[in-house]
2 protein chains.
Amino acid sequence: MQTTRVAPRQRLSPEARERQIVDGAIAFFAEVGLAGQTRELAQRLGVTQPLIYRYFPTKQDLIDRVYEEVFVGRWRAEWTDLIGERARPLRDRLIAFYRIYARDVLTYDWIRIYMFAGLAGEDINRRYIALLEDQLLVPIAREVRAAAGAPALSETPVSGLEIEAAWHIHAAVFYYFVRKHIYRAKTEPDLNAFIEDAVDRTLDGALAVTRRGGVAG
Amino acid sequence: MQTTRVAPRQRLSPEARERQIVDGAIAFFAEVGLAGQTRELAQRLGVTQPLIYRYFPTKQDLIDRVYEEVFVGRWRAEWTDLIGERARPLRDRLIAFYRIYARDVLTYDWIRIYMFAGLAGEDINRRYIALLEDQLLVPIAREVRAAAGAPALSETPVSGLEIEAAWHIHAAVFYYFVRKHIYRAKTEPDLNAFIEDAVDRTLDGALAVTRRGGVAG
DNA sequence: GCTGTTATTGATCGTTTGATAAATGGTGCG
DNA sequence: CGCACCATTTATCAAACGATCAATAACAGC
């Protein structure tokens with residue numbers, strides 16, 4: 001009554017097997033956390049546990065690979081350009097961006113592993129935040145100023161509270177997926193409507209405060 | 001060179017010892033996660049590991065106690081009343097509420113254990129969200145409608161997107177503390193200024209969209 | 001088909017970790 | 001001072017878990 005041998009030994013090319021292990025590890029660690037056991041991962045993959053150690057010397061190496069696979073290279077430089085395309089209304093740019101960002105980044109795997117990593121004290125999150133501030137939030141703050149008609153574009157640097165305002169827009173979308181994928185709570189089912197509405201409300205607020213002279217922090 | 005006996009055996013009353021263990025467990029699990037080892041917890045408490053098992057039959061019992069201690073009874077019914085006090089401007093009510101909520105609820109221990117529990121699949125988060133929607137978000141949505149001059153108070157029920165709009169306000173504050181306590185990232189240092197600004201921006205947005213007739217979802 | 005290479009498995013090791021039981025010692029009461 | 005109670009510790013177990021190594025079998029080349 002042990003492991004009932006259902007499938008015969010399947011021999012794959014090292015590349016294919018590694019791919020399979022990494023993909024399986026992403027799904028597995030996203031679900032149960034980075035403390036998940038290698039034996040259970042192996043069982044889900046339909047292989048034995050020592051096989052994992054042929055491809056990754058230690059569990060930490062596998063986890064590092066998962067981090068790399070999930071986080072590195074997901075950000076697209078063109079998204080920064082999209083935010084700055086002043087030919088379109090800022091509202092449209094933000095809606096377009098968050099539709100793509102929700103589809104390509106804020107997935108079940110990404111958001112859970114991201115939160116597990118944060119709680120584990122990894123610096124991945126801080127590095128990602130630095131990237132976001134530089135490539136997304138400062139550009140958004142700049143566009144909000146321009147759209148609000150606040151002039152001091154190159155004079156006054158973007159203030160802390162202006163970046164926080166850009167965070168509000170981001171937080172609205174991000175937190176939606178936290179509720180959905182981490183708390184597994186009921187959320188607005190129409191994602192497109194949600195994003196449109198979220199951008200409308202948070203952008204309106206950012207514009208209104210900026211117009212009232214809230215540029216200085 | 002083992003555990004250098006620094007303090008002699010200290011005998012406490014069961015009540016005092018239990019209190020100490022629970023408090024220590026909250027701080028410990030908040031920091032390292034619910035998978036933290038009982039031996040390490042005991043070491044931090046300055047007692048031996050089996051002592052914990054005299055007070056809590058299993059580790060899960062201790063964790064359940066931590067949940068109870070951290071989550072149960074933190075919400076104050078009077079906060080719902082505060083949201084509805086129409087003698088004051090809604091802005092002031094929200095700022096007052098989030099100052100208290102940030103101080104009393106969104107602490108390091110609370111937000112980390114809350115996120116650990118969510119990732120572990122506990123239903124605590126869903127139950128807390130249900131409480132929040134009922135006691136905070138629906139009241140906020142109601143007040144936003146009233147403040148925006150949208151009439152259909154008792155007629156049209158609060159829509160999904162209106163609740164999401166209330167979530168935007170909440171998410172702005174909540175996410176600030178996620179960045180601070182989970183990612184350990186740099187955040188706006190002036191909490192009062194942040195809360196004021198966050199309420200201004202997110203409330204402005206909620207009002208603007210509601211005024212434009214965005215009541216129906 | 002035979003054979004060498006190597007992907008994969010079975011068996012197992014050492015440590016970690018939740019949990020238990022017996023020994024120890026502090027405290028209050030007579 | 002002596003004794004009983006019980007809070008606390010020491011010692012230890014069994015399962016879980018990361019990791020290792022020799023044995024096995026799938027596939028390629030001849």
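Letters A, B, ... are given to chains in the order of the sequence lines, protein chains preceding strands, and every chain is numbered from 1. What's counted below: heavy atoms across the whole structure, side chains too, no hydrogens, waters or symmetry copies. All of these numbers come straight from a predicted model, not from anything done at the bench.
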Interatomic distance, Q49(B) CD vs dA19(C) P [rounded to whole Å]: 9 Å
Can you sort out the partners of Y67(B) under ring pair (Phe, Tyr, Trp, His ring centres under 6.0 Å), two or more places apart, ordered by chain and number? none
How would you label the contact of S13(A) with the nucleic acid (heavy atoms, under 4.0 Å): base, sugar-phosphate, or nothing? nothing
Parallel, tilted or perpendicular: which fits the ring planes of W110(A) and Y114(A), with parallel below 30° and perpendicular above 60°? parallel
Sugar-phosphate only, base, or nothing, as touched by T38(A) at under 4.0 Å among non-hydrogen atoms: sugar-phosphate
Residue L12(A), side-chain atoms from C-beta onward, closest of dT8(C), dT12(D), dA19(D): dT8(C)
Please tell me which of G46(A) and R39(A) maps to the more 5' nucleotide of DNA chain C, matching each residue to the nucleotide holding its nearest heavy atom. G46(A)
Mind checking if R17(B) touches a base, just sugar-phosphate, or nothing, with heavy atoms under 4.0 Å? sugar-phosphate
Using a cut-off of 4.0 Å on non-hydrogen atoms, how would the nucleic acid contact of F56(A) be classed: base, sugar-phosphate, or nothing? nothing
Candidates F177(B), W167(B), Y176(B) - the one meeting ring-ring contact (aromatic ring centres under 6.0 Å, His included) with Y175(A): W167(B)
Rounded to whole Å, please give me the gap between CG in L51(B) and C1' in dC6(D). 12 Å
Among dT9(C), dA19(D), dA19(C), the nucleotide that comes nearest once only the side chain of Y53(A) is considered: dA19(D)
Under a 4.0 Å heavy-atom criterion, the protein footprint on nucleotides 25-30 of chain C, written with B, S and -, is BBS---
What is the distance from CD of E15(B) to P of dC6(D), rounded to the nearest Å? 13 Å
Atom-pair distance (CD on E18(B); P on dA7(D)), nearest Å: 11 Å
